[in-house]
Structure formats: structure tokens, C-alpha cells
Amino acid sequence: MKKSNAFKYIFIIVILILAGVTFLIYDKDKKNTENKSVLQETEETGSVVRELRLAVSGLDTVNPIISRNKYIQEISKIIFDPLITINEDYSKSYALASEISKTDDLTYIAKLRENVKWSDGTELKADDIRFTIELLKNYDSVYSHNVQSINSVEVIDDHTIKFNLGQAVQFFEYNLTFPIMSSEYYKDTDFFNSDKTNLPLGTGKFKIASYDEKVIGLEKNEEYWNTEENSVVEKININIYQTTGEVYNDFKNGNIDCINTSQASVNQYIGTIGFASIEFDSREYDYVAFNTQNEYLASSNVRKALSYYIDKNNIIASSYGGTYRVSDFPLDYGNYGYSNDVIDNGYNSEAASNLLAADGWSYRNNSWQKTIGRRYVRLSFTLTINEADERNYVIAENLRQQWANSGIVVTIRKVSADNYYNMINSRSGYDAILMNMSTSYSPNLNTYLSSGNMSNYNNDEINQLLSEASILEDKNQIKGKIRRIEEIYNDEKPFMSIARKKNLLVYNTNLTGNLKPTAYNVYNHIDKWYRKNY
């Protein structure tokens with residue numbers, strides 16, 4: 001009887017082991033199976049085209065460190081890997097780095113992945129990171145601001161590097177999103193004037209295989225370090241054009257698979273037949289900073305009332321030409337830290353009137369008035385704008401008119417670009433100021449709410465929350481801190497969000513796959529895109 005039970009237990013153990021092995025095999029092959037299922041229907045009919053066609057106009061160079069071309073910066077993300085990459089919800093994840101440790105406010109140590117090779121088969125080393133940072137610090141690159149806080153770089157070993165900062169930087173790791181260059185490839189070569197300039201090595205999903213005056217040819221990088229990523233696409237041809245108009249024409253003729261644009265009127269150039277589009281938020285953001293040192297704007301009730309009196313949909317429709325949408329907060333471009341159920345920015349004249357009345361203002365003769373000491377005053381202030389941007393006056397005039405209709409006197413003050421930026425630098429000389437910003441990829445809100453912000457606003461609890469959020473790693477914990485900041489912002493309104501610019505990925509209807517463009521990466525998941533050849 002005991003012998004029989006022993007055989008029974010052995011049999012059960014063997015079955016469990018076999019089941020575990022089967023699961024591991026399944027898990028390993030899961031991504032391959034998913035990719036095959038996406039393509040199954042089209043592959044059966046032989047209609048899959050694994051070659052994509054993109055476009056670039058006004059090309060200077062394909063080298064992303066040197067290039068000023070926005071299309072090259074977008075395309076470079078599929079050729080060159082950074083240490084840190086940005087996910088769809090704008091959280092960070094490791095790319096070439098496998099780990100980054102903060103030893104103190106001014107010191108970070110990065111460990112590199114040990115299985116990474118350049119597209120020529122040579123090994124990625126820490127000296128490549130040092131080499132790239134030195135390039136960025138000594139050349140006016142679009143990525144130079146990413147490394148401006150780094151005083152020095154120490155190579156500890158082939159896969160470990162130390163960053164020494166000159167000052168503490170909140171969410172510092174978000175700065176490590178610049179493309180890495182090969183130090184060995186450019187050894188004994190002038191990086192900026194070399195035959196290698198337009199054939200740089202990368203560690204990304206695709207490599208530059210050819211380059212001439214008409215086409216940049218990319219091929220799948222067989223040395224790509226992330227073996228779990230199975231690319232559907234095998235080749236990408238980037239057609240070179242002189243002007244954007246030429247790009248639109250060739251797209252309309254079916255020779256380009258997709259284009260990225262912020263022009264709402266793109267239909268005028270390419271028509272309406274044979275293409276679709278995906279709308280996504282950019283980081284371009286407009287807001288009004290209320291100077292809380294102003295006699296009237298020092299009151300949170302007044303600031304909230306000013307916000308409630310504005311119909312933002314009216315501004316978007318009449319002043320932005322359809323290229324923007326209503327914005328509620330600096331993180332509302334898709335950042336994981338934003339809670340869209342907290343902030344109330346809707347038009348509400350009754351709530352606004354109640355707030356002003358509670359603050360001692362009374363509505364008489366079509367204006368809000370108040371006795372301060374022995375003075376009888378009307379609620380009024382000046383809105384400063386940069387006259388170099390003609391659009392700003394249209395926006396400001398709409399704001400002025402809406403506030404005037406509610407009994408608040410606002411004067412628009414146009415200043416030169418130099419004076420405008422002097423005011424920004426000194427945080428003085430204005431009652432309220434219209435700001436045009438490019439928001440950070442990180443959930444950092446210091447620009448708007450910490451010490452030295454444009455509103456001259458100070459809140460001890462917000463300062464504490466900002467500090468606590470900056471040292472957290474867990475997304476949910478960070479979001480919890482930001483949610484409380486949003487609640488305080490909603491109650492205090494030191495500034496008023498207005499609008500966020502929209503971008504479009506316009507694509508031919510025969511292009512399919514996982515199309516999910518973001519402000520950080522227009523070609524997000526491009527390795528899973530493909531064409532159906534009807």
C-alpha cells in the first residue's frame with residue numbers, strides 16, 4: 001500500500017514538472033505568437049509589405065547630435081538608444097542602462113546592460129556614454145540642455161559610470177534620454193566633419209544601411225539587444241525632400257506611409273481620401289500666470305473667479321484655429337501623474353460671482369467694485385504678452401473681452417521679446433503674464449509651483465509634496481503626491497491653464513499595426529507597423 005502511494009506521488013510530481021516546463025516554453029514564445037496573430041490574416045493572402053516609407057524635409061544631417069531637424073530627432077529614436085526611455089504614460093524605463101542609483105543629491109551611478117552591441121557588432125561600453133556627454137557639453141546640440149547639470153563623468157569600469165552634478169536636479173534620470181554615440185567608431189576622427197557623419201552607428205531596432213541625396217535606407221538591426229522584441233518591419237526608407245509641400249504631395253500620391261504634423265489644415269494639401277489620422281498631445285502649453293504679489297490678484301478668490309469667468313472652448317474655437325485643445329494642468333498631455341477628476345476649470349459665472357462677493361467685491365454699473373481704505377476701486381489688472389508672437393494678442397484679446405463682459409477691467413500690454421524675457425527672468429514687472437511653454441516629460445511641477453515660479457506663489461505644503469515626489473520611484477506614490485498638489489492648485493489657482501497644442505500622425509489607410517504616437521516618440525512601436533498591399 002505504501003509502495004503504491006509512493007508511485008502515485010512520484011507520478012504527480014512528474015506531471016507538475018512537465019506542466020511547468022510547458023508554461024515556460026509558452027511564456028517564451030508568447031510574443032512571437034502575438035505578432036503572428038496580428039499578421040495572420042494578411043500573411044495568408046500574401047499581402048504583407050514589411051518595408052515602410054517615411055519622409056524628411058530640410059535635411060541637414062542624419063546624426064542626431066548635430067542635426068537641428070525635428071524629423072531627424074523623431075526618426076533617431078528607432079536608430080539610437082538612450083540610457084533611459086519614456087513610456088506611453090511618460091513614466092521612465094531603462095534602455096541601455098540596466099540600473100541607476102542615486103547615492104546623494106549630486107551623484108548618480110549607472111550600470112549598463114552587458115549584452116548590448118553596436119550595429120557593427122562591437123560592444124557598448126561606459127566610455128561611449130562619457131564620449132557622448134562630452135560632445136553635448138562642447139557643442140550646441142538640441143540635447144545639450146540634458147547634460148548641463150553634469151559637472152563631470154567618471155568611468156568606473158566597462159559597464160559602470162558615475163555622474164557628478166553641479167546642483168541637485170529633480171527627476172534627473174529624465175535627462176538621460178539623449179542618443180548615445182560610439183567612441184570607438186569616431187576614434188581619431190573629427191566627429192563633426194567626417195565621412196562617418198551620415199553613417200553613424202546605433203544600438204536601436206534599426207540601423208542606417210545606406211545614405212544618398214534621395215533616400216536614407218534603414219534595415220532591421222540584427223545586433224539589437226532586446227531579443228524579446230520581434231520586429232515585423234524589415235526595412236524603412238526615409239525619402240528626402242526639400243520642402244514640406246513636396247512631402248505632402250508625395251504622401252498624397254501614395255509614396256509615403258505617414259507624416260507627422262501640427263497643421264490642422266493639412267487636408268487642404270493632401271485631400272480627404274485614402275488616409276486616416278491619430279491625434280496626440282504635444283508638450284506645447286499656454287497658461288496665464290497671476291502675480292500673487294499684485295494687490296488684487298493676491299486673493300485666491302479673485303484668481304479662482306477669473307478662471308471661472310473664462311470659457312476656454314470659446315478661446316480654442318476663436319483664437320487657436322483648431323490646432324489646440326483646452327488644457328487644465330501642466331501634466332495633462334498624458335503624463336501618468338495627472339488625475340483628470342480633480343481640477344475644475346469649467347466656465348461658471350455664478351461660482352465666480354459668489355467668490356468675488358465673499359471677498360468683499362460688489363457688482364455695480366457693470367463692474368466689480370470695492371472700497372479699500374478710503375479708496376473706491378474697480379477690479380482691474382494688466383495682462384502682459386510677448387508682441388513677437390502675433391497669436392498671443394488674439395488670445396489675450398479674447399481673455400480681455402470675456403473678463404470685460406463679467407465686469408473686470410483688463411488692459412493688454414504688449415512688450416518686446418527682450419523686455420518679456422527680462423520680466424520672466426526677474427519675475428517682476430507684470431500683474432499677469434501669458435506664458436507659452438514646453439512642458440517637461442517628467443512629472444516635475446517646479447516651474448509652475450515651487451519657489452521662483454512666475455506667479456510668485458508660495459505654499460509650504462506644495463513645496464513639501466514636490467520635494468517628496470522627486471525622490472520616489474513608485475509611480476502610484478508619485479501620483480498620490482501630485483493628486484494632492486492638484487487639489488491645492490484647484491483651490492488656489494496661482495495660474496490658469498488655457499490650451500495644449502495637438503499633433504497629428506496622418507497615415508495611408510493601408511498602413512496598420514500598433515500605431516500609438518506620443519510627444520516623446522512619434523514612431524512608438526514602429527517595428528510592429530506594416531503595410532497591406534491591396
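- For the residue pair Ser497 / Asp328, no side-chain donor-acceptor distance below 3.5 Å is found, with atom types taken as modelled.
- Listed by chain and number, the residues in a salt bridge (Lys or Arg N to Asp or Glu O under 4.0 Å) with Asp190 amount to none (sequence neighbours excluded).
- In summary, Lys117 and Asp120 do not engage in a salt bridge, as defined by a charged side-chain N under 4.0 Å from a carboxylate O.
- Taking the six-membered ring where tryptophan is involved, the planes of Phe131 and Tyr186 are essentially parallel, since the angle between them stays under 30° and well short of 60°.
- Nearest approach of Leu466 to Ser450, heavy atoms of both residues: CD1-CB, 3.7 Å.
- When every heavy atom of Lys479 is checked against every heavy atom of Tyr336, the shortest pair comes out as CD-O, 3.3 Å.
- In summary, the side chains of Asn87 and Ser93 do present a donor paired with an acceptor at a separation below 3.5 Å, with no hydrogens or angles considered.
- For the pair Arg391 and Tyr320, the NZ or CZ position fails the cation-pi test of under 6.0 Å to the six-membered ring centre and within 45 degrees of the ring normal.
- No side-chain N or O of Tyr338 forms a donor-acceptor pair with one of Asn340 less than 3.5 Å apart.
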### Task
Could you give me the CA-CA distance, side-chain angles and deciding distance for Glu486 and Arg483, then say whether salt bridge (charged side-chain N to carboxylate O under 4.0 Å, His left out) is met?
CA-CA 5 Å; Glu486 290 170 336; Arg483 184 181 181 87; 5.5 Å; no
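- Under a 3.5 Å cut-off, the side chain of Thr382 and the backbone N or O of Arg413 do not form any donor-acceptor pair.
- Looking at heavy atoms from C-beta onward, Trp403 lies in side-chain contact with Ile310 at the 4.5 angstrom threshold.
- Side-chain contact check for Ser183 and Asp128: at least one donor-acceptor pair (N or O, by modelled atom type) lies under 3.5 Å.
- Salt-bridge check for Arg130 with Glu134: passed, with a basic side-chain N closer than 4.0 Å to an acidic carboxylate O.
- With no hydrogens or angles considered, a side-chain donor-acceptor pair links Gln402 and Asn398 at under 3.5 Å.
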### Check against side-chain hydrogen bond (donor to acceptor under 3.5 Å, both in side chains), Asp431 and Asn294
CA-CA 6 Å; Asp431 298 334; Asn294 174 273; 3.1 Å; yes
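- Looking at Arg113 and Ser98, their side chains come closer than 4.5 Å, going by heavy atoms from C-beta outward.
- Between Lys414 and Glu390, none of the side-chain N atoms (NZ, or NE/NH1/NH2) sits under 4.0 Å from a carboxylate O, so this pair counts as no salt bridge.
- Looking at every heavy atom in both residues, Asn503 comes nearest to Ser262 through OD1-CB, 3.1 Å.
- For the pair Asn198 (side chain) and Val62 (backbone), a donor-acceptor distance under 3.5 Å is present.
- In plain terms, the two heavy atoms of Ala126 and Asp157 that are nearest each other are CB-O, 3.3 Å.
- Here Arg325 pairs with Asp281 in a salt bridge; the nearest charged N to carboxylate O distance falls below 4.0 Å.
- Here the side chains of Ile100 and Ile84 are in contact, with some heavy-atom distance below 4.5 Å.
- A donor-acceptor pair shorter than 3.5 Å cannot be found between the side chains of Asn164 and Asn151.
- Nearest heavy-atom pair across Pro330 and Tyr448 is CB-CE1, 3.6 Å.
- At a cut-off of 3.5 Å, with distance as the only test, a side-chain donor of Ser327 or Asp332 sits close to an acceptor on the other residue.
- From Tyr324, atom OH reaches atom OG of Ser319 across 12.0 Å, with rounding to the nearest 0.5 Å.
- Ring pair Tyr174/Phe171 is perpendicular by interplanar angle, where above 60° counts as perpendicular and below 30° as parallel.
- Side-chain atoms of Glu173 and Tyr108 include no donor-acceptor pair closer than 3.5 Å.
- Proximity of the aromatic rings of Phe329 and Tyr489 is defined here by a centroid distance below 6.0 angstrom, and this criterion is met.
- Environment of NZ in Lys70: crowded, with over 12 heavy atoms of neighbouring residues, nucleotides or ligands closer than 6.0 Å.
- Residues Asn524 and Thr518 bring no donor and acceptor atom of their side chains to less than 3.5 Å of each other.
- Side chain to side chain, Arg500 and Thr439 meet the donor-acceptor criterion of an N or O pair below 3.5 Å.
- With values rounded to the nearest 0.5 angstrom, Thr61 atom OG1 is found 10.5 Å from Ile65 atom CD1.
- The pair Glu461-Arg484 counts as a salt bridge, with a side-chain nitrogen and a carboxylate oxygen less than 4.0 angstrom apart.
- With hydrogens and angles left out, the side-chain atoms of Glu74 and Asn260 include a donor and acceptor closer than 3.5 Å.
- Side-chain contact between Met435 and Ile424 is present, with at least one heavy-atom pair separated by less than 4.5 Å.
- Relative to the ring axis of Tyr185, Lys196 places its NZ or CZ within 45° and under 6.0 Å from the centre.
- Judged by distance alone, with hydrogens and angles left aside, the side-chain atoms of Ser307 form no donor-acceptor pair with the main-chain N or O of Met496 at under 3.5 Å.
- No donor-acceptor contact under 3.5 angstrom links the side chains of Asp140 and Ser144, judged on distance only.
- Using a 4.0 Å cut-off between charged nitrogen and carboxylate oxygen, Asp81 and Lys205 do not count as a salt-bridge pair.
- With 3.5 Å as the limit, one finds no donor-acceptor pair spanning the side chains of Asp60 and Asn69.
- Between the side chain of Tyr90 and the main chain of Ala519, a donor-acceptor pair closer than 3.5 Å is present.
- When only modelled atom types and interatomic distance are considered, Thr197 and Asn63 share no side-chain donor-acceptor pair under 3.5 Å.
- Atom NZ of Lys77 has more than 12 heavy atoms from other residues, nucleotides or ligands within 6.0 Å.
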